[in-house]
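Here is the structure we will look at.
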Amino acid sequence: MNPAILAATLWLRITGPEPAPGPAATLREERRAAHRSGEPRRELELVQRELAALAADSQQLAAACDAVQAGYRVCSERLPELGCAGGYLQRYADTGCLTDALQWPRYHYMWALHWQRQLEFTEALAALRRVVEAAQPLFLARLFRSDPQGAAEFLDLTRDLAASAAVRTEIAAHLRNRVAWQRSFAALSLFLEVLASEGDAYAAAILRNQVAWGLLVLREAGLQVADPVPLLTDALTTFTRDGTRDRSQANNVRINLALAALQRGALADVDRALAGLDDAAMSPEERMWLDIVRLRAALARGRLDEAAQWQQSLADAEPGAFVPMGPWFVAWTRGLVAEARGDRDAAIAAYQVAEALLEAHAHARDVAAYGAAADGRFRMFAATTRRLLDLRIGDGDVRAALWLARNARNRALRMHARQWCQEAERPRDDAPGPGALHLLYFPLDPAGPGDLAPWLGFAVTAAGVRAELLDVAPIVGDAHRLSRETLSTFSEQLLAPFAADIDAAEVVTIFPTDALHDLPFHALPWDGGILLDAAPVQYGLDIAACDDPSPRAAAAALVVSGGDFALPEEGRAVTAALQAGGVPVRHLAAEAPEPFAPLLTGGLALAHLAAHGQHPVDEAVFAADVQLVFGGARVLTREAILAAPAVPRLVYLSACRSSFVDADTLGGGLSLAHAFLLRGARQVVGSVRDVDADATRTFALEFYAALAAPEGDVAAAWRTAYLSARASLEPSLQGDLRMLRLFVP
C-alpha cells in the first residue's frame with residue numbers, strides 16, 4: 001500500500017488562529033520544515049520537544065493536538081518500525097483534544113488510516129463514517145460565516161472531509177469496486193474544487209496524488225479508467241515549487257509516475273520519473289515500491305540479473321516489519337524472477353509460499369470482515385494465485401489447479417462463515433454425483449482496455465476434471481439486462497468449450513468468480529434457446545455447510561408476508577397454490593407475534609418469505625449485506641439465520657437483492673441465500689438484483705405448481721417454472737426472471 005497516500009493535509013494546519021510566537025511556535029515551524037525536507041526522525045524529535053513546551057499551557061490545545069497528529073503520522077507512515085503510532089492515538093485523547101468538537105473528525109480519521117494500513121477495510125470505513133458524522137454539522141454551521149476564524153475552520157473541515165473521501169476512494173480502488181470508486185470520487189471532486197478555489201495548492205496536490213494512486217491500482221487490475229499521469233504531473237509541480245516544496249511527497253509522486261510508465265510499457269519514462277528521487281527522504285514502504293517498480297522494469301528489459309538484485313534488496317528489507325502483507329510481495333517478486341529465468345519449480349515454490357501467506361493472513365483473524373471488505377483483502381493479492389494456476393495447468397496438474405481455484409475463490413467466505421461454525425472453514429473438495437456437471441471459472445490475468453481476458457474454466461463430473469483456457473470479454477453494465485446478441489458472446493466463450501459436458505449432464509451447477517457473478521448463466525443463449533432448455537441450472541456455494549438438513553423436517557410449509565404493497569396478496573396466492581398441491585401451509589403476516597419462530601426452529605420442508613430487501617447501512621456498495629424487511633420492526637437478518645437451530649430444506653426469498661452476489665469479489669459475498677444454505681437448507685431461491693413484484697410472484701406460482709408434480713425435484717421444478725413464466729410474462733418483465741437463481745450448497 002502506497003505510504004504517502006496516507007499523508008493528509010490535516011497535520012500541516014492548526015484549527016483556529018496560529019499561537020503566539022514562542023518556543024513552541026518556533027519548534028512547530030522547525031517540525032514542519034523537517035517534514036517537508038523528508039527528515040522523519042528529526043520531525044519526531046521536534047514533535048516531542050514541541051509537546052513538552054506546550055504541556056503547561058492549556059490555551060494552546062489546538063497546537064498540542066496538531067503536534068500529536070504529526071507524531072502519529074510519522075510513526076504510522078514514515079517510521080512504522082518504531083511501533084509508536086498507537087501511543088500517539090492514545091496521547092491524542094489524553095491531551096484533551098476530544099474536548100474540542102473540531103478535533104473529533106481528525107481523531108476518527110487517524111483511526112481510519114490505522115485500520116486501512118492493517119487491511120481491515122470494514123473498520124476503516126466505519127471510522128470514515130464517523131469522520132463525516134462529526135464533521136458535517138460543524139461544516140454546515142460555518143458554511144455562511146464570513147469572519148476570519150469561521151472561514152479558517154470551514155477550510156480545515158473541508159480538508160477533513162476531503163481527506164476522508166480520498167481514503168474511501170483509495171479503499172474502493174483496492175477492493176476493485178467500480179460503483180464505490182465512482183461514488184467516492186464524485187464526492188472527492190467537489191472538495192477538490194473548494195480547495196482549489198481557496199488557493200490551497202498543497203492540499204489539492206496530496207489529494208490528486210491519492211486519486212492517481214487509486215487509478216494506478218485499478219489499472220493494475222485491468223480496469224479501463226482515466227489516465228493518472230496529468231494528476232501526478234500537477235502534484236509533482238506543486239511539491240517541487242518554492243512555498244509548497246515537499247521532498248517526501250515528491251518522491252512518492254515520482255514512484256507513482258514510474259509505475260504509470262511501466263503500465264503503458266514506456267520504459268524510458270520509468271527512468272526519467274525516477275531520476276529526481278531523493279533517497280534520504282524515502283520511507284521504508286516507498287523503498288519497497290521503488291524496488292518493485294525497478295524489478296519489473298528490469299524484467300521488461302530482459303535484464304534478469306538486475307531484476308534478481310532488486311528482488312534481493314526487497315527481501316533483505318524484510319517489508320513485513322512495516323507492511324501487513326510485506327512477505328507476500330517478497331514471494332511474488334521471487335516467483336516473477338524465477339519464471340523469467342525459466343525455473344518453473346522455483347516459481348511454483350514461491351507462489352505456494354504466497355498462497356500460504358494469504359491463507360495464514362485469513363486464519364489469523366478471529367472475525368473476518370463482511371462481504372467485499374473481506375474478499376478485497378485477498379483479491380488485492382490474487383496475482384500469485386493466478387500465476388500458480390497457470391503453472392499448474394501448464395504442468396498438466398488439473399486437479400491441483402481446481403483445488404487452488406476453489407480454495408482461493410471462497411477464502412473470504414470461509415473465514416466469514418466461521419464466525420458461526422468451524423465446519424464452514426473447511427474447503428469443499430467433493431466430486432459431483434452421477435449425471436451432475438460442475439462448471440467453475442477463475443480469472444488468470446486482467447484484460448487490457450477493450451481486450452479479452454484469459455480465464456480458466458473447469459468441467460467437473462463424477463468421471464474426472466477437465467480444464468479449458470478461455471478468452472472472455474469484459475462485462476459492461478448490468479449483465480442481466482444485456483441483449484441476447486451480447487449474451488451470445490459469453491455463451492460462445494464460457495459454455496461452448498464444454499458443449500459435450502453440458503449435453504451429457506442431467507443438472508449443471510455454476511461456480512462463477514469475480515465479474516462472472518453478474519452473468520445469468522441459466523439464461524445464456526444456447527442451442528437455439530437458453531441453457532435452461534438443455535438442463536436444470538443452479539448456482540453452488542462451494543463451502544462446507546454448518547449443519548445437515550433438519551432431521552425433523554415434515555411436509556409442512558410456512559409463508560411469511562410483509563404488510564405493504566403487493567406482499568400480502570403474494571402471501572395469500574402462494575398459500576393457495578401450496579394448499580392446492582396438498583401441502584399443509586401456515587400463513588403469517590408481519591404483524592403476527594414472533595413470525596420468524598417457526599422459520600428458525602426447524603420442522604418445516606418449505607418456507608416462502610415475501611418481503612423487501614434492503615441494505616441496513618449506506619456502506620452497501622462495499623458489502624453484500626441485505627436484510628429482509630417485512631414492515632415495522634419485523635426484520636430478518638443474516639445473523640439471525642446463521643444463529644438459528646435449524647431452517648427449512650427449501651427456502652424461497654421473494655425480495656429484491658435477497659440473494660445478492662457481488663461481482664467485485666472473488667466469492668460473491670455471503671448473502672441471505674448463502675446464510676440459509678450454511679445453516680442446513682438444501683435449496684434457496686432468491687433474486688440477485690431488484691426484481692419486479694409481478695415477475696417474481698408469477699414465477700413463484702409456476703414453481704410451486706411444478707414442485708407438486710410427482711416426478712419433479714427442485715432443480716427440475718425451477719427450470720419448468722422459469723420457462724413457463726417467461727412464456728406468460730409480457731416482454732418488459734421477462735428480463736427480471738434473469739435476476740432469479742436457484743442456489744445449492
Side-chain angles (χ1 to χ4, degrees), residues 478-481 487 507-508 510 519-524 529-533 535-539 557-562 565-581 583 585 587 606-613 626 628 648-661 671-673 676 681-709 712-744:
D478 183 0
H480 298 85
R481 300 295 185 187
L487 289 176
V507 60
V508 179
I510 305 294
L519 201 63
F521 278 86
H522 59 279
L524 290 183
I530 60 176
L531 183 59
L532 266 177
D533 289 315
V537 179
Q538 53 196 17
Y539 296 80
L558 172 71
V559 176
V560 183
S561 57
F565 300 106
L567 299 180
E569 180 183 351
E570 179 179 330
R572 290 189 292 269
V574 167
T575 299
L578 288 169
Q579 289 173 336
V583 178
V585 185
H587 181 198
L606 183 154
H608 182 99
L609 309 179
H612 297 294
V626 179
L628 295 188
R649 294 181 66 91
L650 170 60
V651 180
Y652 191 118
L653 302 175
S654 183
C656 293
R657 304 172 74 87
S658 56
S659 302
F660 175 67
V661 287
S671 70
L672 293 173
F676 274 110
R682 306 312 296 163
Q683 296 94 10
V684 180
V685 178
S687 171
V688 297
R689 296 289 183 272
D690 293 342
V691 63
D692 181 84
D694 287 340
T696 188
R697 182 178 60 181
T698 299
F699 176 85
L701 297 179
E702 296 280 3
F703 175 64
Y704 292 126
L707 199 60
D713 62 11
V714 175
W718 196 91
R719 174 194 184 199
T720 299
Y722 188 99
L723 299 176
S724 299
R726 189 179 61 159
S728 63
L729 285 171
E730 60 181 85
S732 63
L733 294 181
Q734 291 177 7
D736 282 63
L737 292 178
R738 294 178 180 174
M739 314 295 179
L740 303 177
R741 294 188 184 179
L742 173 63
F743 292 88
V744 296

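Below, each value reflects all heavy atoms present in this structure, side chains not excepted, and no hydrogens, waters or symmetry copies.
Two residues are said to be in side-chain contact when any heavy atoms from C-beta on lie closer than 4.5 Å; Gln538 and Val714 fail this criterion. Contact annotation: the side chain of Arg741 never approaches that of Ser659 to less than 4.5 Å [non-hydrogen atoms, C-beta and beyond]. In this structure, the side chains of His522 and Leu531 stay at 4.5 Å or more apart for every pair of heavy atoms. No side-chain heavy atom of Ile530 sits less than 4.5 Å from a side-chain heavy atom of Arg738. Inter-residue side-chain proximity for Val537 and Trp718 is flagged as unmet; no heavy-atom pair is nearer than 4.5 Å. With a 4.5 Å cut-off on side-chain heavy atoms, Tyr539 and Phe521 count as touching. A heavy-atom distance below 4.5 Å is found between the side chains of Ser561 and His587.
Atom CG of residue Asp478 and atom CE of residue Met739 lie 5.0 Å apart, to the nearest 0.5 angstrom. Distance OG/Ser724 to CG/Leu701: 12.0 Å, rounded to 0.5 Å. Interatomic distance, OG of Ser687 versus CZ of Phe699, reported as 11.0 Å (0.5 Å rounding). Here Glu570 contributes atom CD and Leu609 contributes atom CG; the two are 10.0 Å apart, rounded to the nearest 0.5 Å. Interatomic distance, His480 NE2 to Leu740 CG, rounded to the nearest 0.5 Å: 9.5 Å. One finds the CG atom of Leu737 at 5.5 Å from the CG atom of Leu729 (value rounded to the nearest 0.5 Å).
Of the candidates Thr696, Val574, Val559, Tyr652 forms a side-chain contact (heavy atoms from CB on, under 4.5 Å) with just one, namely Thr696.
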Test side chain to side chain contact (heavy atoms under 4.5 Å, CB included) on Leu707 and Leu578; report intermediate values, then the result.
CA-CA 9 Å; Leu707 199 60; Leu578 288 169; 6.0 Å; no

Please step through side chain to side chain contact (heavy atoms under 4.5 Å, CB included) for the pair His612 and Leu567, ending with a clear verdict. CA-CA 9 Å; His612 297 294; Leu567 299 180; 3.5 Å; yes

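Side-chain atoms of Arg719 come within 3.5 Å of backbone atoms of Asp533 as a donor-acceptor pair (strictly under, hydrogens ignored). Of the possible donor and acceptor atoms, none in the side chain of Asp736 sits under 3.5 Å from a partner among the backbone N and O of Ala695. Looking at Gln683, its side chain never comes within 3.5 Å of a backbone N or O of Leu650 through a donor-acceptor pair. For the pair Arg689 (side chain) and Val661 (backbone), a donor-acceptor distance under 3.5 Å is present. Side chain of Ser658 to main chain of Leu653: a donor-acceptor pair is present (N/O by atom type, distance under 3.5 Å, no hydrogens or angles). Under a 3.5 Å cut-off, the side chain of Arg657 and the backbone N or O of Gly613 do not form any donor-acceptor pair.
Across all non-hydrogen atoms, the minimal contact from Ala715 to Pro536 is O-CB, 3.7 Å. Across all their heavy atoms, Ala681 and Val651 have their closest contact at CB-CG2, 4.5 Å. In this structure, Leu628 and Ala655 approach most closely via the heavy-atom pair CD2-CB, 3.6 Å. Across all non-hydrogen atoms, the minimal contact from Cys656 to Val691 is SG-N, 3.4 Å. Considering all non-hydrogen atoms of both residues, Ser728 and Thr698 come closest at OG-CG2, 3.8 Å. The shortest heavy-atom contact between Leu606 and Tyr704 is CD1-CE2, 3.6 Å.
Scanning for salt bridge (Lys or Arg N to Asp or Glu O under 4.0 Å) contacts around Asp694 gives Arg697, with sequence neighbours left out.
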